[in-house]
Amino acid sequence: MTPIRLTNSMTRKKELFEPLDRQNVRMYLCGPTVYDRAHLGNARPVVVFDVLFRLLRHVYGADHVTYVRNFTDVDDRINATALARKEAGAEGTLEELIHARSDETIRWYHEDMGALGALPPTHEPRATEYIPQMVAMIADLIDKDHAYEAEGHVLFAVDSWREGYGKLSGRSVEDMIAGARVEVAPYKRNPMDFVLWKPSDAELPGWESPWGRGRPGWHIECSAMAHELLGESFDIHGGGSDLMFPHHENEIAQSCCAYPHGSFAKVWLHNEMLMVEGRKMSKSLGNFFTVRDLLDQGVPGEVIRFVLLGTHYRKPMDWTEKKREEAEATLRKWRELTASAQAGGTPNPRVVSALADDLNTWGAISVLHEIAGAIERKQRSDVSQAEMDDFAASAQLLGVLEDNSTMGAWVSDGAVERLAAQPLLDAFATRLFQLRLAAIESKDFTAVDSLKAALTDAGIEVRISKEGVELLPSTDFDPAKLEALK
RNA sequence: GGCGGGUUGGCGGAGAGGUUACGCAGCGGAUUGCAAAUCCGUGUAGACCGGUUCGAUUCCGGUACCCGCCUCCA
């Protein structure tokens with residue numbers, strides 16, 4: 001069995017991964033708040049943890065991994081959109097409009113992440129479906145003196161768990177108060193106390209609870225859903241590094257205090273942020289774009305995925321146009337190379353061990369480059385089917401080079417136009433070849449060169465050899481220009 | 001102010017205490033009427049200053065700079 005090593009944010013060390021139960025390896029990833037289209041930054045953890053999911057399935061068996069990724073569908077931004085729609089005259093109650101907004105966003109999320117080749121998680125719980133579990137957990141925390149009610153709110157008392165609070169993010173309660181950027185509310189015992197439950201007025205979605213009609217705070221949902229679906233102790237909990245504090249810290253506090261016999265997550269994994277042309281992608285900087293924006297611009301999901309995997313998950317990654325181009329060229333080449341590959345190959349052990357080494361995705365890609373190079377250098381007939389299948393299987397561990405009909409369809413984009421232009425291309429190829437033969441006799445190549453230049457200008461790659469002329473339409477092939485040359 | 005991360009060749013980006021990362025670009029060559037494509041070859045880079053060591057880009061300490069978190073955020 002391949003040993004997997006992962007960098008645990010809790011210990012800040014790379015550790016050998018040993019699942020609590022090899023028959024059921026359990027992983028939780030903080031999913032999106034479903035208030036709008038997922039931006040590119042949202043896609044990074046999805047792709048990173050998808051690779052981990054694939055690796056775990058490869059090592060422990062596809063039926064022995066449980067992957068939970070939640071949807072946060074209690075959020076003021078969802079409410080705001082619903083309210084705006086209602087004010088604009090939309091049909092239905094506010095509650096219905098809120099639900100419709102979440103449903104719509106979840107559908108988009110599935111479409112967009114699917115386009116990136118992300119496998120569906122085992123469970124995708126919605127916060128609104130786990131309200132009773134949250135209420136029960138909050139009540140339990142009050143019973144255990146880790147939480148208290150104040151002015152319709154229920155707050156977690158950080159002072160009740162000073163020994164554990166702040167361990168993940170490496171800060172003490174004292175340090176944080178010194179920073180003094182916490183929301184000061186008169187009803188808080190300690191300024192660091194955070195909300196488990198808050199009251200809802202008539203305009204806001206709410207549920208009945210022992211503390212009145214209200215809604216859960218942001219952090220409690222993950223604790224409740226992780227407990228419900230994965231148990232008191234599970235293996236891996238992941239998310240973006242910006243969630244480390246306060247979200248994950250608060251999750252730990254809630255879960256460890258509610259279930260003192262459990263260990264909650266054993267390994268914490270955090271991906272670094274995504275940058276765009278050197279700057280963090282954020283709302284306030286206004287430089288963010290969605291996955292859908294890229295897909296609509298014609299960037300294939302597989303290419304987006306490959307770019308995201310080009311940088312180790314614990315390093316900030318910069319999205320640039322140049323990387324997009326390189327990724328597209330590489331994948332195009334590899335797809336041509338594996339056009340006749342079949343399912344059932346065995347992933348290359350070096351690719352597996354690169355991934356098993358704290359998800360070294362670029363290390364794995366490097367190995368793929370080497371294998372691809374070796375295959376390319378051979379004569380077609382010398383390449384065995386197994387060799388090709390294994391290469392494809394290796395790439396598929398990263399989630400690329402899968403399923404030619406969907407993920408790989410982009411490679412043949414424009415195929416229809418090219419097919420239609422083929423007779424014309426053949427005619428030009430013959431003409432160019434004959435012109436060239438004549439030119440070799442006459443030593444006058446002007447006619448050859450001008451036709452070649454015109455073809456190149458129409459977006460056609462011209463390959464001349466002794467045997468003949470090959471005309472290959474490239475991505476910016478313009479059939480109209482070719483037509484005009486007739 | 002507190003906490004954390006980073007700094008590698010033209011660009012991107014890894015691993016390893018001593019032996020070629022890898023990709024792209026570049027350069028030289030083969031090939032070509034010229035090209036394209038392809039093939040062959042080609043790069044001692046590791047922010048700075050110390051320390052440990054036979055030997056460090058890799059370990060330890062410090063300095064500088066950059067980035068993130070501390071507020072909704074993947």
Side-chain angles (χ1 to χ4, degrees), chain A residues 7 9 12 29-33 35-36 38-49 69 72 75-77 166 168-172 174-183 192 218 238-247 249 270-275 278-284 288 306-318 320 322-323 325-327 329-330 333 353-354 357-358 360-373 376-377 436-437 439-446 448-449 452-453 455-456 460-466 469-472 474:
Chain A
T7 299
S9 306
R12 299 191 169 79
L29 175 66
C30 285
T33 302
Y35 64 97
D36 207 348
H39 63 245
L40 189 60
N42 291 304
R44 192 173 186 197
V46 172
V47 169
V48 164
F49 288 94
R69 186 182 63 205
T72 299
D75 180 79
D76 288 344
R77 287 163 295 186
L168 176 66
S169 51
R171 37 188 112 192
S172 66
E174 288 77 11
D175 287 345
M176 287 184 277
I177 292 170
R181 282 222 229 166
V182 287
E183 185 199 347
M192 291 309 300
W218 173 35
S241 65
D242 55 345
L243 292 182
M244 210 153 153
F245 188 88
H247 184 56
E249 200 69 75
H270 290 97
N271 62 276
E272 255 305 331
M273 299 291 99
L274 180 116
M275 329 270 282
R279 307 226 35 167
K280 186 199 172 187
M281 180 156 146
S282 80
K283 303 247 148 126
S284 50
F288 78 99
F306 200 71
V307 173
L308 292 177
L309 294 177
T311 301
H312 186 90
Y313 76 95
R314 281 190 298 104
K315 285 201 172 181
M317 102 135 252
D318 203 9
T320 63
K322 192 180 173 218
K323 287 185 182 177
E325 281 170 20
E326 285 187 13
T330 301
K333 199 159 87 175
S353 57
D357 180 14
D358 200 26
N360 184 357
T361 46
W362 226 87
I365 291 170
S366 301
V367 177
L368 291 177
H369 273 297
E370 287 179 34
I371 302 170
E376 275 179 310
R377 276 187 289 278
R436 186 172 162 278
L437 286 181
I440 290 169
E441 291 295 314
S442 66
K443 306 286 181 215
D444 175 11
F445 289 89
T446 45
V448 180
D449 288 340
K452 193 171 78 181
L455 290 168
T456 305
I460 295 162
E461 189 186 297
V462 180
R463 296 186 186 177
I464 302 172
S465 68
K466 286 198 188 79
V469 170
E470 257 190 297
L471 298 181
L472 303 171
S474 68

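The sequence lines fix the lettering, A, B, ..., with proteins before strands; numbering per chain opens at 1.
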If you check the [X] side chain, which of [options] turns out closest?
X       : options                : result
K323(A) : A37(B), G12(B), A74(B) : G12(B)
K452(A) : G13(B), A35(B), A74(B) : A35(B)
R77(A)  : C72(B), A14(B), G33(B) : C72(B)
V448(A) : G33(B), C67(B), C69(B) : G33(B)

Could you tell me which nucleotide pairs with [N] by Watson-Crick or G-U wobble geometry, both distances under 3.5 Å, or answer none if nothing does?
N      : result
C69(B) : G2(B)
C39(B) : G29(B)
A47(B) : U63(B)

With [atom1] as the reference atom in both, quote the distance from [N] to [M] in angstrom, rounded to an integer.
N      : M      : atom1 : value
A74(B) : A21(B) : P     : 40 Å
C39(B) : C49(B) : C1'   : 47 Å
G43(B) : A37(B) : P     : 23 Å
C60(B) : G2(B)  : P     : 23 Å
G5(B)  : G10(B) : P     : 28 Å
C22(B) : G15(B) : C1'   : 10 Å
A35(B) : A30(B) : P     : 11 Å
C3(B)  : G12(B) : P     : 31 Å

Using a cut-off of less than 4.0 Å, is there contact between a side-chain N or O of R12(A) and OP1 or OP2 of G4(B)?
->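 So the side chain of R12(A) is outside the cut-off, no N or O lying under 4.0 Å from OP1 or OP2 of G4(B).
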
Would you say U7(B) has OP1 or OP2 under 4.0 Å from some side-chain N or O of K315(A)?
->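 Result: yes.
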
Would you find a donor on one side and an acceptor on the other, under 3.5 Å apart, between the side chain of T33(A) and the backbone of Y35(A)?
->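 It does not hold such a pair.
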
Backbone N or O of E272(A) within a donor-acceptor pair of the R44(A) side chain at under 3.5 Å?
->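 Checking the backbone N and O of E272(A) against the side chain of R44(A), a donor-acceptor pair under 3.5 Å is found.
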
Donor/acceptor link under 3.5 angstrom from D449(A) side chain onto base of G33(B) |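 Looking at the base of G33(B), it does pair with a donor or acceptor on the side chain of D449(A) (distance under 3.5 Å).
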
Donor-acceptor pair (no angle test) under 3.5 Å: H312(A) side chain, A14(B) base |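 Checked by distance alone, the answer is no.
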
5' priority, RNA chain B, between I440(A) and P246(A) [closest heavy atom] =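 Closest to the 5' end, via its nearest nucleotide, is I440(A).
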
Between H247(A) and W218(A), what is the ring plane arrangement, given parallel below 30°, perpendicular above 60°, and tilted in between?
->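 Ring orientation of H247(A) relative to W218(A): parallel.
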
Check the interface with nucleotides 19-23 of chain B: list each N/O to N/O pair with the protein under 3.5 Å, or write none.
unit_1, atom_1, unit_2, atom_2, d
A21(B), N1, S366(A), OG, 3.0

